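A quick note: this is a predicted structure, and the numbers were derived from the prediction, not measured. We count residues from 1, following the sequence as given.
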Amino acid sequence: MSIEEPIRKTAQEIMPDHISAIHQPEGYDIYPYYPLGDQKIFNGYSSLCDYIIEQKTVVIDGYVGVFWNRLITALSQELSSRQFSVNIIYTASFFKSEAELNAIIAPFLGAEDSVWGRKTTLTLSDYFDTVALNAVRKDSTADINIIIGCGASLANWNASLIYVDLPKNELQHRMSAGSIYNLGTSEPEAQMEMYKRFYFVDWVVLNQHKKDLVNAIDVFVDAQWEDEVNWAYGKDLRDGLTKMSSSVFRARPWFAPGAWGGQWMKEHMPQLDRNEVNYAWSFELIVPENGIVFESDGWLLEVSFDALMFTHNENVLGKHAANFGNEFPIRFDFLDTFDGGNLSIQCHPSLEYIQNEFGENITQDETYYILDCKDDATVYLGFQEDIDAAEFRKTLENSNLNNEEIDIEKYVQVHQAKKHDLFLIPNGTVHSAGAQNLVLEISATPYIFTFKMYDWVRLDLNGKPRPINIDHAFKNLNFSRKGDKVQQELISKPSVFFERDDMTCYHLPTHQDHFYDVHRLEFDNEIEVQTENVCHVLMLVEGTAITVESADGTIMNFPFAETFVIPAAAGSYKIINKGAERAKVIKAFLK
């Protein structure tokens, strides 16, 4: 890769490695962080090499997408400049051949033109010639010995363990630029194939590897910046995760444009790059792709959300931990269609289908909470009473084949959307968010299993048609969700759950197929909420700002539209309204 080629493809700036309190934005903050305490995060290769010199021998493991060659060069130059002789062994030398890897990975990638594969059963050791890797020995004549790269710990050296992490958003920006490759490969593939291999294979094996290592890591390194690293001692970071797991915190959101994307987030989130064509999604809390940012003396360090689940899933999920294990089951994200377009007409797989076809544990059951909208906003949901499945399929296939528009309202109902409406989208339900909405999608965590049937005869941002998945859809569509039944069963009807002091708690009932439920807490001044050993995911959906104080004394401020999490182990928390108008807070939780 020449230095002229971009290393990341996005209009959004990279997260700063250092932040100042005086530069905090008014309103929504795209760089939330959790304080780790003073002198807990360190900056730069020089300080990291101070640690390595003390150890003399280190194992440096980490995630796919890290610029390992740059890291090796930076460490080598720094140590050599201090007159140390260094023996560096790069694990990429011990991968099986690409032909061997392709053969063992192929069963998990589905058909060549398919968007989806199946979650792998491979482990990271399957990628390596483990005999050769285990035969690697330190050079007794060198001052410093380093084995570095994905899987370095598989060499079983008895040495200090450094782990280099990379946020999923930066990984995907690098993927889009063609500056990184899949694990064990030397050339980039087409983006869809590359992402599919990351999602169904590379990330699965590396997440399990990270889980195996997380309690033994001596140093965590954040390598998302091009020429810098920030790092922290493993014990300090795990102490931070422990504290976080029983207080209040916010994951770092990230944002992406799309074919139907809108302008609401660009107008209301001042740190977003206004040169981006639109913002379709905000990954508020899609935890397989979110990170958690720690702060110390202004330095920032991001770890993947699953580091919290690997170490403290019982604190986070409470009585539901046994059911969901290390998976965080609730997802919050924004769909922005303000001055944009309609989402595709789509549905999601049944539980049996997603388990059998794709290897997921839970399915993509969704709801649309209307956070903001214009007067003409709509949601497509459910079939017309006279739906004919065969005619509908024939019409869709003809449209896809001949690139012809269809009158979708002949088949699918369209509903006016109003602020604070909650539309229920259990698996198998035909649906779409229409233009002029800011949708808060409150959903189960899976997030890529969308079977598009009709996409309004448009191209994506790269000028190409988006994949249409009519066959998958018709194996999952529930044609009984039609006519009057849609109004009765798929549009939530709020009722007062209880009233106390100045608070009214509304129940926004979800569908019987949803494993999560929704309350809206409305109050003027201050309320106290008990977790009852259940995790809460919350957002201020009307009002200016709130302050949240958990029982352990942690205090955080949240303006309008920021997602935050109260783990089950927090026990209780207070919410204080900081605005003049009545506050409305959405709370999602497992049933």
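- Contact check for S186 versus E98: side-chain heavy atoms found under the 4.5 Å cut-off.
- Donor-acceptor pairing under 3.5 Å is lacking for the side chains of W260 and N342.
- Between R481 and D513, at least one side-chain N (NZ, or NE/NH1/NH2) sits under 4.0 Å from a carboxylate O, which counts as a salt bridge.
- A salt bridge between D306 and K211 is absent, with no side-chain N of the basic residue lying under 4.0 Å from a carboxylate O of the acidic one.
- A side-chain N or O of Q346 and one of S344 form a donor-acceptor pair less than 3.5 Å apart.
- Atom CD of residue E289 and atom CH2 of residue W281 lie 11.0 Å apart, to the nearest 0.5 angstrom.
- Checked for salt-bridge contact, E391 and K394 miss the test: no charged N lies under 4.0 Å from a carboxylate O.
- With rounding to the nearest 0.5 angstrom, the NZ atom of K168 is 11.0 Å from the CD atom of E302.
- Side-chain polar atoms of E284 and S282 form a donor-acceptor pair below 3.5 angstrom.
- No side-chain heavy atom of F283 sits under 4.5 Å from any side-chain heavy atom of F332.
- Scanning all heavy atoms of the two residues, the minimum distance from K266 to N278 falls at NZ-N, 4.2 Å.
- Note on D333 versus R331: salt bridge recorded, some NZ/NE/NH1/NH2 to OD/OE distance being below 4.0 Å.
- Between F451 and Y353, the ring planes lie perpendicular to each other; the angle is over 60°, past the 30° to 60° tilted range.
- With respect to R8 and E170, a salt bridge is recorded, a charged nitrogen being found less than 4.0 Å from a carboxylate O.
- Counting heavy atoms from C-beta on, the side chains of V316 and L308 come closer than 4.5 Å.
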*What do the steps show when you test F338 against Y279 for ring pair (Phe, Tyr, Trp, His ring centres under 6.0 Å), and what is the final call?*
CA-CA 10 Å; F338 255 73; Y279 290 100; over 10 Å; no
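- A donor-acceptor pair shorter than 3.5 Å cannot be found between the side chains of Q488 and D484.
- In this view, D113 satisfies the salt bridge (Lys or Arg N to Asp or Glu O under 4.0 Å) rule with no residue, not counting sequence neighbours.
- Looking at E357 and R118, no side-chain N of the basic residue comes within less than 4.0 Å of a carboxylate O on the acidic one, giving no salt bridge.
- Using cut-offs of 30° and 60° on the angle between ring planes, the pair F392 and F474 is tilted.
- Here the straight-line distance linking atom OH of Y516 with atom CG of L590 works out to 10.5 Å at 0.5 Å rounding.
- Distance check, rounded to the nearest 0.5 Å: NE2 of H348 to CD of E366 gives 3.0 Å.
- Put simply, CD on Q436 and OG1 on T337 are 6.5 Å apart, with the number rounded to the nearest 0.5 Å.
- Annotation: N402, atom CG; neighbour count of heavy atoms from other residues, nucleotides and ligands within 6.0 Å is above 12.
- Cation-pi contact between K591 and F589: absent, since separation from the ring centre below 6.0 Å together with deviation from the ring axis within 45° is not met.
- Each salt bridge (charged side-chain N to carboxylate O under 4.0 Å, His left out) pair with one or both residues in residues 460-475, not counting sequence neighbours, appears once here: R393-D471, D455-R466, D471-K475.
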_Stepwise ring pair (Phe, Tyr, Trp, His ring centres under 6.0 Å) test for F558 and F564_ = CA-CA 8 Å; F558 301 105; F564 61 99; 4.1 Å; yes
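- Using a 4.0 Å cut-off between a side-chain N of Lys or Arg and a carboxylate O of Asp or Glu, K96 and D126 do not qualify as a salt bridge.
- Ion pairing between E562 and R250 holds under the 4.0 Å rule for side-chain N and carboxylate O.
- Taking the six-membered ring for Trp and thresholds of 30 and 60 degrees, W264 and F334 have ring planes inclined between 30 and 60 degrees apart.
- Under the 3.5 Å distance criterion, with hydrogens and angles disregarded, a donor-acceptor pair is assigned to the side chains of S153 and D61.
- In summary, the side chains of H268 and D372 do not present any donor paired with an acceptor at a separation below 3.5 Å, with no hydrogens or angles considered.
- Separation of atoms CG (N437) and NZ (K418) is listed at 11.5 Å; rounding is to 0.5 Å.
- The aromatic rings of Y195 and W203 stand perpendicular to each other, their planes meeting at an angle above 60°, with 30° marking the opposite boundary.
- In this structure, the side chains of H431 and V379 stay at 4.5 Å or more apart for every pair of heavy atoms.
- Between V115 and N469 there is a side-chain heavy-atom pair separated by less than 4.5 Å.
- Side-chain contact between Y63 and V164 is absent, with no heavy atoms from C-beta onward closer than 4.5 Å.
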